[in-house]
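See structure below.
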Amino acid sequence: MNTAENDLLDDFFSDDALNLPEDYRSGYVAIVGRPNVGKSTLMNHMLGQKLSITSRKPQTTRHRIHGILSSNDMQAVFVDTPGIHSNEVRLINERMNKAALSALVDVDLVLFVVDGEQWRDDDLLTLQKISQTDTPVVLVINKADTIKDKDSILPLIETYHENFEFADIVPVSALKNKNLDRLQHVIRSHLPQGTPIYDTEQITDRSERFLASEIIREKLMRQAGDEVPYDLTVQIDEFKDEPAHIDPKTGRKRRAVTFIDATIFVERNGQKAIVIGDKGSRIKQVGIAAREDMEALFGRKIMLNLWVKVKQGWSDDARALSSLGY
């Protein structure tokens, strides 16, 4: 190899090729809190990209999901976690708690998200778990825009301070993008210096297959959550990409398309009827909404087929949970 070729390789693999400043920072940031305080909404709005599913129902998030925020001077790898809760009625609840708590290991910063208007026992439970680590913790008071009198938030902050010494406290409104720039600045200040962990164009470490299953589950939670709140899950049976090509029969150009077959599992026959809806109306609406989100996220045409099956007791069965990715 000659000198010129060697220099080209050095430039490609050096940090300078990425145009990184000397004080570039990168690290893992766990987002924790009790169910339904807006953790997934916070991550989505920090990323400027819908990645983690949301709904009004507590415990919508069931898996740890990494969202990657890259800027000119930092890369924060967010770990969105299931809400920590005390009511472990089934095995799935136990595994969700374990997934959330395991996120506290080997992260550089913890964002403890709370609701600005409510303090609950599960908040204290989460705080007790956090206190067992030596990781810096930032208290993120979400939905701060709903607080009419700023003085009313002071007792809440005092309550938290009595239980823990926070590295910073940042009030935000995740849904309305208020004060998120301040939160990003605080996050960067607590990350170690280092090069990007992931490619700076990457937004998640999760596969499209996984994201597709989560999108379908979100639409189901929104459509049938009150009637089938936690007794459903989604399995992707087939995920096949077909690149853009010329149709040999017609000579016409065909767009790139992804064919997705998915099975929705519920625990009882009555739930199956609810998910399908009258003459298939609900499952049709779920499919339309899910396909629209997938096409926006994946940037190509999606052909989606959905089936509904009964799998009794899946949420409390170790083998079933493992086979479904829990």
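All residue numbers refer to positions in the sequence shown, counting from 1.
- Between the CG atom in Asp261 and the CD atom in Glu238 there is a gap of 5.0 Å [rounded to 0.5 Å].
- For Lys176, the salt bridge (Lys or Arg N to Asp or Glu O under 4.0 Å) partners at least two apart in sequence or on another chain are Asp145.
- No more than 12 heavy-atom neighbours from other residues, nucleotides or ligands sit within 6.0 angstrom of CD on Glu201.
- The side chain to side chain contact (heavy atoms under 4.5 Å, CB included) test applied to Ala262 returns Ile216, Val234, Ile236, Leu306, not counting sequence neighbours.
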Legend entry - side chain to side chain contact (heavy atoms under 4.5 Å, CB included) evaluation trace for Leu220 with Val275: CA-CA 7 Å; Leu220 288 163; Val275 169; 3.7 Å; yes
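- Scanning all heavy atoms of the two residues, the minimum distance from Phe239 to Ala212 falls at CE1-CB, 4.1 Å.
- The closest donor-acceptor contact from the side chain of Glu295 to the backbone of Ile302 lies under 3.5 Å.
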Legend entry - side chain to side chain contact (heavy atoms under 4.5 Å, CB included) between Val107 and Thr135, intermediate numbers included: CA-CA 7 Å; Val107 295; Thr135 307; 4.1 Å; yes
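- Under the side chain to side chain donor-acceptor pair (under 3.5 Å) criterion, Asp168 pairs with His190, not counting sequence neighbours.
- The backbone N or O of Ile283 lies less than 3.5 Å from no partner atom in the side chain of Lys219, so there is not a single donor-acceptor pair.
- Residues Tyr198 and Val77 are in side-chain contact: their nearest non-hydrogen atoms beyond the backbone lie under 4.5 Å apart.
- For Lys309, the side chain to side chain contact (heavy atoms under 4.5 Å, CB included) partners are Thr263, Phe265, not counting sequence neighbours.
- Cluster annotation: Leu175 and Ile141 are assigned to distinct hydrophobic clusters (Ile/Leu/Val/Met/Phe/Trp/Tyr, side-chain heavy-atom contacts under 4.5 Å, transitive).
- With sequence neighbours left out, Ser281 forms a side chain to side chain contact (heavy atoms under 4.5 Å, CB included) with Asp278.
- A donor and an acceptor atom, one from each side chain of Asp237 and Gln235, are located under 3.5 Å apart.
- Within the 4.5 Å cutoff, no side-chain heavy atoms of Asn305 are placed close to those of Ile260.
- Note that the OG atom of Ser26 and the CG atom of Leu191 stand 7.5 Å from one another [nearest 0.5 Å].
- The shortest distance between side-chain heavy atoms of Val110 and Val29 does not fall below 4.5 Å.
- Using a 4.5 Å heavy-atom cutoff, the side chains of Leu47 and Ile203 are not in contact.
- Under the 4.5 Å side-chain contact rule for hydrophobic residues, Ile264 and Val310 share a cluster.
- Residues Phe78 and Leu111 form a side-chain contact, since some pair of their non-hydrogen atoms from C-beta on lies under 4.5 Å apart.
- The CZ atom of Arg34 lies 8.5 Å from the NZ atom of Lys39; values are rounded to the nearest 0.5 Å.
- With rounding to the nearest 0.5 Å, the separation of CD1 in Ile197 from OG in Ser70 is 9.5 Å.
- Atom CG of Asp181 is separated from atom CE of Met46 by 9.0 Å, given to the nearest 0.5 angstrom.
- Evaluation of the salt bridge (Lys or Arg N to Asp or Glu O under 4.0 Å) rule for Asp199 yields no partner, not counting sequence neighbours.
- Residues Phe112 and Leu127 form a side-chain contact, since some pair of their non-hydrogen atoms from C-beta on lies under 4.5 Å apart.
- Applying the side chain to side chain donor-acceptor pair (under 3.5 Å) rule to Lys284 yields no partners; only residues at least two apart in sequence or on another chain are considered.
- Between the side chain of Gln271 and the backbone N or O of Glu267, at least one donor-acceptor pair lies under 3.5 Å.
- Judged as a side chain to side chain donor-acceptor pair (under 3.5 Å), and not counting sequence neighbours, the contacts of Asp115 are Lys143.
- Every residue two or more places apart in sequence or in another chain that forms a side chain to side chain contact (heavy atoms under 4.5 Å, CB included) with His245 is listed here: Glu242, Arg254.
- Counting Ile, Leu, Val, Met, Phe, Trp and Tyr side chains that sit under 4.5 Å apart, directly or through other members, Met303 shares a hydrophobic cluster with Val257, Phe259.
- With sequence neighbours excluded, the residues that form a salt bridge (Lys or Arg N to Asp or Glu O under 4.0 Å) with Arg188 are Asp23, Asp73.
- For the pair Pro21 and Asn72, the tightest heavy-atom approach, listed with the atom from each and the gap, is CD-O, 3.3 Å.
- Side-chain contact check for Leu180 versus Leu42: some heavy-atom pair is nearer than 4.5 Å.
- When the side chains of ILVMFWY residues are joined at heavy-atom separations under 4.5 Å, either directly or via intervening members, Leu304 and Ile288 end up in two distinct hydrophobic clusters.
- Of all heavy-atom pairs spanning Gly38 and Asn142, the tightest one is CA-ND2, 3.8 Å.
- Within the 4.5 Å cutoff, side-chain heavy atoms of Thr204 are placed close to those of Leu211.
- Without hydrogens or angle criteria, Gln75 side chain to Leu69 main chain gives no donor-acceptor distance under 3.5 Å.
- Met74 contributes atom CE, which lies 11.0 Å from atom CZ of Arg25 (distance to the nearest 0.5 angstrom).
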Inset, instruction - Report the C-alpha separation of Val37 and Val114 in whole Å, then their side-chain angles, then the decisive distance to 0.1 Å, and conclude whether the side chain to side chain contact (heavy atoms under 4.5 Å, CB included) test is met. - result: CA-CA 6 Å; Val37 293; Val114 300; 5.6 Å; no
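- Remark: side-chain polar atoms of Asp108 are not paired, donor with acceptor, to backbone N or O of Gly27 under 3.5 angstrom.
- In this view, Thr258 and Asp241, Arg300 satisfy the side chain to side chain donor-acceptor pair (under 3.5 Å) rule, not counting sequence neighbours.
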